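See structure below.
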Amino acid sequence: MRIARFSTDDGMSFGVVEEDTVAAIAAHPFGDLTFTGQRFPLPDVRLLAPILPSKVIAIGKNYAAHAEEMGGEAPAEPMLFSKPSTAVIGPGEAVTYPQKLSERVDFEGELAVVIGRMCREVPASRATDVILGYTCANDVTARDLQAKDGQWTRAKGFDTFCPLGPWIETDADPGDLAISTAVNGEVRQDARTSQLMHGVPTLVEYVSQVMTLLPGDVILTGTPAGVGPLEVGDEVTVTVENIGSLSNRVIARD
Ligand code: MG
C-alpha cells in the first residue's frame with residue numbers, strides 16, 4: 001500500500017494511492033485506516049512530503065564504498081546525526097541553495113524508514129512491528145560546512161535539505177532494493193540496500209535504545225557511493241525499487 005499526503009483545492013489529506021488515483025483517508029495513516037469515500041485522479045492532486053516527522057535521525061557512512069570516498073572507514077557502530085523537521089520538503093518542491101553560506105551542496109540519495117507507532121528499546125527482531133513503511137529521501141548536505149564546522153548540524157540542517165517522498169510504501173522489503181540518484185537524468189549513485197553496513201532492523205534497535213520514536217519519525221539509512229555537487233537549476237531524482245522516485249529542482253536562495 002502506498003500512503004501519500006496531498007493537497008487539493010479543498011485542503012490537505014492523507015490518502016492511499018492505487019494506480020492513478022488516490023483515495024482519501026480520515027485523520028492520519030497510523031493504525032486502522034478510515035476511507036472518506038473521496039477519490040481523486042493522481043494528476044489532479046499535489047503530492048506533499050508524505051509525513052511531517054517530529055524528528056529525522058540519519059546514519060552517516062553506512063555504505064562501505066561511501067565511507068571510503070569520504071576518506072575514512074565505515075564506523076563499527078551506526079553513527080547518528082539529526083536533521084531538523086523544518087528541513088523536510090515534498091516531491092517537486094525546490095531545494096534552495098544557500099549560496100551566501102555554502103559553495104558546495106551535495107545530493108545524498110537514501111532509503112528512509114517511517115516509524116508507525118510510539119516505541120523505545122525495540123529489538124531488531126521486532127523492528128517491522130514499529131515501521132509504517134519506506135520512502136525515498138535526499139540527505140542534502142552543505143559539504144564545505146560539514147568539514148568546516150566539525151559537526152554536522154548546520155551542514156545538514158538548512159531549510160529544504162530533506163526532500164521525502166513521493167509516498168510511503170508499506171509493503172516493501174528493505175533488505176535488497178536497488179537505489180539510485182540521477183542529476184539532470186544522469187545516474188550518479190547506483191547501489192543496493194543489501195550493501196548497508198547496518199540494516200534497517202539494526203538501525204531501529206540502535207536508535208530506539210537512545211530515544212523514543214514517535215509515529216511519523218524518519219530514519220535515513222545512509223547514502224551509497226557517488227555523492228556529488230548540485231548546482232542551481234539542477235533536477236535531482238532519488239529512486240528506490242518498489243517504492244518510487246523523488247524529484248526536486250535546485251533554486252537559489254534569496
Ligand atoms: Mg546521508
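Along the sequence shown, residues carry numbers from 1. Order of listing sets the numbers, starting from 1, for every ligand and every atom in it. Treat the numbers as computed from the prediction; the structure is a model and nothing was measured.
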Open item on the list: Can you count the protein N/O/S atoms lying under 2.8 Å from the Mg ion (ligand 1), leaving waters out?
Closed with: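 Near the Mg ion (ligand 1), the number of protein N, O or S atoms below 2.8 Å is 3.
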Open item on the list: More than 12 heavy atoms of other residues, nucleotides or ligands under 6.0 Å from CE of Met118: yes or no?
Closed with: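 Counting neighbours around CE of Met118, 12 or fewer heavy atoms of other residues, nucleotides or ligands fall under 6.0 Å, so no.
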Task: Sidechain N-carboxylate O distance under 4.0 Å for Arg249, Asp234 - done: no
Task: Under-4.0 Å salt bridge between Arg2 and Glu19 - done: no
Task: Donor-acceptor contact present, side-chain Asn62 to main-chain Gly199, <3.5 Å - done: no
Open item on the list: With a 3.5 Å distance limit and no angle check, can you tell me whether Gln146 reaches the backbone of Ala155 through a side-chain donor-acceptor pair?
Closed with: no
Task: Same apolar cluster (I L V M F W Y, side chains within < 4.5 Å links), Val232/Phe158 - done: yes
